[in-house]
Amino acid sequence: MSLWLTLAVNSIALGGLLFLLSVGFSLIFGLMRIPNLLHGSFFMLGAYLGVSLLATGIVIGGTAFGITVPRITLIPQISNFFLAALISGALVAAVGGVIERFLLRRLAGQELPQVLLTLGFAFIIGDICLMIWTGDPWQPATPSQLAGAVRVGSLFFPIYRLAIVAVAVVIAIALWLMIDWTRLGAMIRAGVDDAPIARVVGIKVSQLFTLIFSLGAGLAAFGGVMGAPYLSVYPGLDFEMLPLALIVVILGGSGSLLGALVGSFLIGFLYNFGQAMFPDLAYVILFLPMLLVLVLRPQGLFGRVMT
Amino acid sequence: MRRITLRHAWLAGALVLLATLPAWMGNSYYINIASQILLFAVFALALNTLVGYGGLVSLGHAGLFAIAGYTGGLLLAAGYGHFTADLAAILVTLAASAVFALLALRSTGIGFLMITLALGQIVWGIAYRWQSLTGGDNGVNVSTRPAPFGFSLSGADGFYYATLIVFLVAVATMAVFVRSPFGASLRGTRDQARRMTALGYNVWLIRFLAFLVSGFWSAVAGLLFVYYNQFISPQVAALTGSAEVLLMVISGGTATLLGPIAGAAIVVVMKNVVSAYVERWNLVLGVIFVAIISFMPEGLVPGSVRLWRMGWQALKPHRNPLVTSAVKEEGR
């Protein structure tokens, strides 16, 4: 009995992480129609940056290609886990913003070039991470204020995993409020529905798109740091997370917050229970609901039919 | 008429070069690289059927390639003969292609790409995680190469000739395929799917059949690959594999017969050269992708021709401003 409950708690925690990862992917894909194959890389880069911030701060320098650069500390070591996650998210959001503003924008509406550009950058980021952080896995300690467990009756729930869920839910509500209830959200929706008319009435659609892209990148990176004590960070994490984001979005429907939330928790449960019951096939089981949805409801559970 | 004879002369020259390659290449290292180029050219031609002529960009083809390699490799390891193993590998891959197509053709454009990507990752997941079947990270060893009609393929030369024959058959069937009414209707579905439907064509069926053709040649290439390396591991099914073959198609120029072949040569040579000096092949691959998209979106071969012409135009005296502006427009 307690095994199943532990599995369920783990599933919810993984669902929370997947939500942080895939909500940005869903927004970028649903609102801007950009298939962002960089998303797993943002997650991994964020996790690596967070690990570095917690361990040593961000230090550049050292010897590469026979050139020695003096060591300079750009950002000092940070002991607060959440602050590190936020800073890492902000850094990756900036990277995402630059890529969108200077490269992806020039390819607006051209899907294939966008795919190839993001895929190219995914390989570049993956290899640079391998160069900097080497092939060994990194696993930061669970933050001290979140260590330990809550006791309910005879059962223990690790606080850290509950915290991931809480953060995911807070972010989900904040995003929902922003998109559905603020002026900014209304402008975003207008830009998505009819970009030329939105421009005519004075909305700067291209700035909004940069904002969304940075936000998605930052959320993925934030999720990466949040997940690091649990998943650890290692080379190849990027292309392991990317398909998960893809499945969540195919399941939930692109551009839908609720879809991303439901899809994430569904995949979280399937992954953990699949791993426990059919360890050899856990990865395959993940894709079964995706296949079902594709056959029965191609626009996803909560998606709108794309025109 | 003169152009056709010139073209024939080119083809004959290329054939003679290819057929005599082991004689003047000498070193078996280079002959092996030539075999790699040819087998990846078959794979790139297979993908080009979908990407170039069908307008359907797949990022899951390494999955099909690996299914053929694994099926062949596992059956050979289980003690079956070469003929049985190869036939079964091709049939299994065709069945897998049909499943891929059934699911991926629920959508076109980005949707198609994302679904093929996810399906390719499933294949990778099976190869990597289902250790009792595939041996996981240890991969599958293939101890022998076949000897069709008593012709041994164990040496570099023998394998090169076998690959060359398969390659030539693939190119010839592709050339016929492209010019056939079916090839024309496939291009029709790429350019004007709605009009094709209105004309009474079954767009879905045409795309499905094109996927099977693509799957068949991917299977053949996968088998050549597993015989070439005599080993297959999950790395083959990884997204990098699908990206590499897509790079071959795109760098050479899509929807041409020679483009994917040139692309395969470029990528294989570069991969071997780069790997000899630095470990950072993925970085180089990424940079090439970004550079191609930024500077030569139509592919390396047509792109170089365009840049060459632009440079030539700029050198010419008395250039007509209208012509140069047209060339600039084309470049965007």
Side-chain angles (χ1 to χ4, degrees), chain A residues 29 33-35 37 40-41 65 99 103-104 106-107 110-128 130-131 235-236 238-240 242-247 249-250 254 275 278-288 290-291 293-299 306, chain B residues 51 55-57 59 99 102-115 117-134 136 238-240 242-244 246-247 250-251 254 278-294 297-298 332:
Chain A
F29 187 43
R33 309 296 297 147
I34 291 181
L37 300 188
S41 313
F65 304 115
I99 291 175
L103 292 163
L104 279 173
R106 299 172 45 201
L107 305 171
Q110 306 173 43
E111 291 162 3
L112 180 58
Q114 287 171 345
V115 166
L116 296 174
L117 188 84
T118 52
L119 192 63
F121 269 106
F123 285 128
I124 293 176
I125 291 181
D127 222 28
I128 290 177
L130 183 63
M131 220 187 304
D238 46 355
F239 287 138
E240 230 168 281
L242 178 67
L244 295 183
L246 270 178
I247 316 173
V249 172
I250 291 175
S254 59
Q275 200 102 51
F278 314 97
D280 274 351
L281 291 175
Y283 202 74
V284 180
I285 289 172
L286 275 183
F287 290 85
L288 290 180
M290 177 193 92
L291 305 186
V293 162
L294 279 177
V295 173
L296 300 174
R297 198 178 153 80
Q299 73 271 34
M306 289 293 172
Chain B
V51 175
L56 298 164
V57 180
L59 266 179
V99 174
L102 276 175
L103 293 165
L105 285 175
R106 298 291 296 183
S107 161
T108 53
I110 322 179
F112 182 87
L113 184 137
M114 299 248 177
I115 295 166
L117 189 144
L119 290 168
Q121 288 299 105
I122 299 186
V123 175
W124 173 82
I126 294 176
Y128 183 55
R129 303 273 169 90
W130 196 348
Q131 299 212 343
S132 52
L133 176 71
T134 63
L239 183 55
T240 325
S242 295
E244 265 171 31
L246 186 60
L247 179 67
I250 287 170
S251 63
T254 56
V278 279
E279 290 171 41
R280 307 254 89 91
W281 166 241
N282 273 355
L283 188 70
V284 175
L285 185 70
V287 170
I288 299 170
F289 260 92
V290 173
I292 286 183
I293 297 311
S294 307
E298 71 271 59
R332 272 163 206 242

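Since we're looking at a predicted model, the values are computed, not measured.
- For Phe123(A), the ring-ring contact (aromatic ring centres under 6.0 Å, His included) partners are Phe239(A), not counting sequence neighbours.
- At a 4.5 Å heavy-atom cutoff, Leu133(B) makes no contact with chain A through either its backbone or its side chain.
- Contact annotation for Ile247(A): neither backbone nor side-chain heavy atoms come within less than 4.5 Å of a heavy atom of chain B.
- Of the options Val287(B), Leu285(B), Asn282(B), Val284(B), a side-chain contact (heavy atoms from CB on, under 4.5 Å) to Asp127(A) is made by Asn282(B) and by none of the others.
- Each of Leu116(A), Val249(A), Ile128(A) has some count of heavy-atom pairs under 4.5 Å with chain B, and the biggest count is that of Leu116(A).
- By the side chain to side chain contact (heavy atoms under 4.5 Å, CB included) test, Thr118(A) is found to be paired with Asn36(A), Leu37(A), Leu38(A), Leu104(A), residues two or more places apart in sequence or in another chain being considered.
- Looking at Val290(B), both its backbone and its side chain come within 4.5 Å of chain A, counting heavy atoms on both sides.
- In terms of non-hydrogen atom pairs under 4.5 Å with chain A, the most contact-rich of Gly286(B), Ala238(B), Ser107(B), Ala104(B) is Gly286(B).
- Using a 4.5 Å cut-off between heavy atoms, Leu119(A) contacts chain B through its side chain alone, with no backbone atom that close.
- For Leu107(A), the part lying near chain B is the side chain, with the backbone staying farther off; criterion is any non-hydrogen pair under 4.5 Å.
- Only the side chain of Leu246(A) comes within contact range of chain B, judged by heavy atoms closer than 4.5 Å.
- Among Leu113(B), Leu247(B), Leu119(B), the residue with the largest count of heavy-atom pairs under 4.5 Å with chain A is Leu113(B).
- Of the two parts of Glu240(A), only the side chain, counted from C-beta on, holds a non-hydrogen atom closer than 4.5 Å to a non-hydrogen atom of chain B.
- Distance check: Met114(B) CE to Leu242(A) CG gives 8.0 Å after rounding to the nearest 0.5 Å.
- Ranked by heavy-atom pairs under 4.5 Å with chain A, the first of Val123(B), Leu102(B), Leu246(B), Leu117(B) is Leu117(B).
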